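Given the structure is predicted, the values throughout are model-derived calculations rather than measurements.
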Amino acid sequence: MTAALWAAAPLLLLTDAHQPALLCALAALTLGTAGSAWLRRRLVAVTIHGQSMRPAYHDGDRVLVRRGRPPAPGQVVVVEHPAPAGYGPRPPEGPATDGRCLADREWLIKRVAAVPGDPVPAAQVPLLSAAPGDQVPPGSLVLLGDNTANSLDSRTVGYFPADRVLGTVVRPLGRRHPTRPG
């Protein structure tokens, strides 16, 4: 629709010189559409399922996630759930994608404990003490849930591939499905 309106804009300008408001509206519509696509590639709302990040985040909480920046230690990230046999042929969900295919993947929310080049936190993650080297290897992350008793994280699966991180949590958005008192 926007392209059709822009195609007609020169004709409108030739036939009526008093159409600046229409031209401004067309420009705003086009910028709004382009801005919307840009935002979908950079920002995603994610609903948390599970208890692995309690007490910071609860089941049903929603968070705003920024895509396209490398995570730093201490940040909370959303990462693709590792399958038992690996990720298979499906490519990572990179920042260039528009975010419409996110629903067909399983996601985890975790806190970054170490990034490539950092010392391996072997005291926190004994599983990694058997891995070669004393630094987190390139392309890998150490991710931990805040709820140590109930979290699928580096303590059980080892390193997470950095390219499987959807993005970093910017802020909470509230609760989508409030927990009922019971």
In Å and rounded to the nearest 0.5 Å, what is the [atom1] to [atom2] distance from [X] to [Y]?
X: W107; Y: L166; atom1: CH2; atom2: CG; answer: 4.5 Å
X: E106; Y: H49; atom1: CD; atom2: NE2; answer: 10.0 Å
X: L141; Y: D153; atom1: CG; atom2: CG; answer: 13.0 Å
X: M53; Y: L108; atom1: CE; atom2: CG; answer: 11.0 Å
X: T148; Y: R54; atom1: OG1; atom2: CZ; answer: 13.0 Å
X: R66; Y: R171; atom1: CZ; atom2: CZ; answer: 11.5 Å

At their closest point, which heavy atom of [X] faces which heavy atom of [Y], and how far apart are they?
X: P138; Y: P116; result: CA-CB, 3.9 Å
X: P71; Y: V112; result: CB-CG2, 3.8 Å
X: V79; Y: F160; result: CG2-CD2, 4.0 Å
X: G133; Y: V120; result: O-CG2, 4.4 Å
X: A56; Y: D146; result: CB-OD2, 3.5 Å

Subject >> side-chain contact (heavy atoms from CB on, under 4.5 Å) assessment of V125 paired with L144 >> reply: CA-CA 9 Å; V125 189; L144 301 174; 3.8 Å; yes
Ignoring hydrogens and geometry, is there a side-chain-to-backbone donor-acceptor pair from [X] to [Y] under 3.5 Å?
X: R67; Y: V165; answer: no
X: Q75; Y: A72; answer: yes
X: N150; Y: S52; answer: no
X: R111; Y: V76; answer: no

Would a 4.5 Å heavy-atom cut-off, applied to side chains only, mark [X] and [Y] as touching?
X: H81; Y: L152; answer: yes
X: L128; Y: V142; answer: yes
X: D59; Y: I48; answer: no
X: S151; Y: T156; answer: no
X: V46; Y: R62; answer: no
X: Q135; Y: D118; answer: no
X: Y159; Y: S154; answer: no
X: R155; Y: L127; answer: no

Original post:
Going hydrophobic residue to hydrophobic residue with side-chain gaps under 4.5 angstrom, can you get from V157 over to V115?
Top reply: yes
Original post:
Yes or no on side-chain contact (heavy atoms from CB on, under 4.5 Å) for D61 and T47, after CA distance, side-chain angles and deciding distance?
Top reply: CA-CA 6 Å; D61 286 354; T47 301; over 6 Å; no
